[in-house]
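Reading through the structure tokens given below for one structure.
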Amino acid sequence: MFLGVDGGGTKTAFCMVDRSGQVVARAQAASSYYFSHGIELVERVLKEGVEAVCAKAGLTPADIEYAFFGLPGYGEAARDLPVLNAAPRAVLGHDRYACDNDMVCGWAGSLGAVDGINVISGTGSMTYGERLGRGVRIGGWSEMFGDEGSAHWIAVRGLNAFSRMADGRLPEGPLAEVFRRHLDLASDLDVIDVVHNQWQGDRSRIAALSRSVAEAAALGDEVATQILTDAGRELALLVEVTRERLEFGPDETVPVSYSGGTFGAHTVLEAFASGLKNRFTPYELRHPLYEPVVGAALYAAKLAGTPLDRPALDALRTAPGTPAPGEDDR
């Protein structure tokens, strides 16, 4: 049995997979993003989720051969690593596990844990790639001064466009009415109260406004369409730099995939794919194979030295009730 854990900004997913490629059990717990709520949150969430997934599988933590925990924020505060690395031990009662950033889950799921690059764009954004056993991360510098191409980045630019439309600095397009309706604004200035006072600047709630930008683009709003197009181009740039850092040769065709809800907007995915095609180096854009939490379980098997074989991987792709990949909320 291999346990995969994919932490995120709004939830933490747990998935137990056996050697034959069967999903034995799933569970879900609260967000394990601890920067806002204290590092003690991580062990509490992991305990809740591991207990739930083991109960559904009719197993105990001792039955887990290996586990991989993808934790949001892992590696972004060096002083926290000892606590994060120790948290699963208290939950599992053994040391057959590894921890890393949740970006690894997206890469392992989208590409089946083979060499290549995955770009994650959910609440935040970043890339992670591996080549010959070496991993590289690019991006993910937080919503305040990074996370280009993410849902939060799109939403903030959407809010900026709304304010400019409200003032008359931009011609009013469908985006203005979409925001008024979605936020239930009595007056345009009420958006300040909603975002700053009612939401307290909550990153997940702000990021969810990216759907309103996508809705406005579908209604023909040129500003919204440009925001989504720019997001796709920013994500393609992340991939290009990751390729360089991993030292892929100029003639090597690099597998690239994606995960995260932002790619649900067709304009983002189209601009991303176009951005890769316009580079001088070759890429093979692949639809994600598995969702990130399943990728975490695959990576656990790989780290244990017993990666799933081809029949098991094929069985895993056709498992009934498997959600579509790319719905990660990083």
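- Once rounded to the nearest 0.5 Å, the distance linking CZ of R131 with OG1 of T242 reads 14.0 Å.
- Side chains of V5 and V293 form no contact here, defined as non-hydrogen atoms less than 4.5 Å apart.
- The two residues A217 and T225 make their nearest non-hydrogen contact at CB-OG1, 3.6 Å.
- A salt bridge links E284 with R286: the distance from a Lys NZ or Arg NE/NH1/NH2 to an Asp or Glu carboxylate oxygen falls below 4.0 Å.
- Between E215 and R181, at least one side-chain N (NZ, or NE/NH1/NH2) sits under 4.0 Å from a carboxylate O, which counts as a salt bridge.
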Test side chain to side chain donor-acceptor pair (under 3.5 Å) on N85 and Y74 and set out the steps. CA-CA 9 Å; N85 287 329; Y74 185 97; 2.7 Å; yes
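- Using modelled atom types and a 3.5 Å distance limit, the side chains of S121 and T262 yield a donor-acceptor pair.
- R79 CZ: 12 or fewer foreign heavy atoms inside a 6.0 Å radius.
- Taking 4.5 Å as the limit, some side-chain heavy atom of L298 sits within range of a side-chain heavy atom of L313.
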* To do: Verify side chain to side chain donor-acceptor pair (under 3.5 Å) between Y34 and E43, making sure each step is shown before the conclusion.
  => CA-CA 10 Å; Y34 69 92; E43 186 175 325; over 6 Å; no
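- We find the CG-OG distance between D102 and S32 to be 7.5 Å, quoted to the nearest 0.5 Å.
- Two residues are said to be in side-chain contact when any heavy atoms from C-beta on lie closer than 4.5 Å; V254 and E240 fail this criterion.
- Put simply, the side chain of L183 reaches to within 4.5 Å of the side chain of L209, judged on heavy atoms.
- The list of salt bridge (Lys or Arg N to Asp or Glu O under 4.0 Å) pairs with a residue in residues 50-73, not counting sequence neighbours, reads R19-E65, K47-E51.
- Under a cutoff of 6.0 Å and an axis angle of 45°, R157 and F162 do not form a cation-pi pair.
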query = Given the rule in the side chain to side chain donor-acceptor pair (under 3.5 Å) test, do S259 and N118 qualify, once you have shown the distances and angles that lead to the verdict?
reply = CA-CA 7 Å; S259 55; N118 179 65; 3.1 Å; yes
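- Here CZ of R205 is found 13.5 Å from OG1 of T123. Values are rounded to the nearest 0.5 Å.
- Side chains of E234 and F272 form no contact here, defined as non-hydrogen atoms less than 4.5 Å apart.
- A heavy-atom distance below 4.5 Å is found between the side chains of N101 and E76.
- Using bins of under 30°, 30° to 60° and over 60° for the plane-to-plane angle, the ring pair F35/Y33 lands in the perpendicular bin.
- By the 4.5 Å heavy-atom criterion applied to side chains, C15 and V23 are counted as neighbours.
- Ring pair F68/Y97: centre-to-centre distance not below 6.0 Å.
- The cluster map of Ile, Leu, Val, Met, Phe, Trp and Tyr, joined by side-chain heavy atoms under 4.5 Å apart, puts L189 and L170 in the same cluster.
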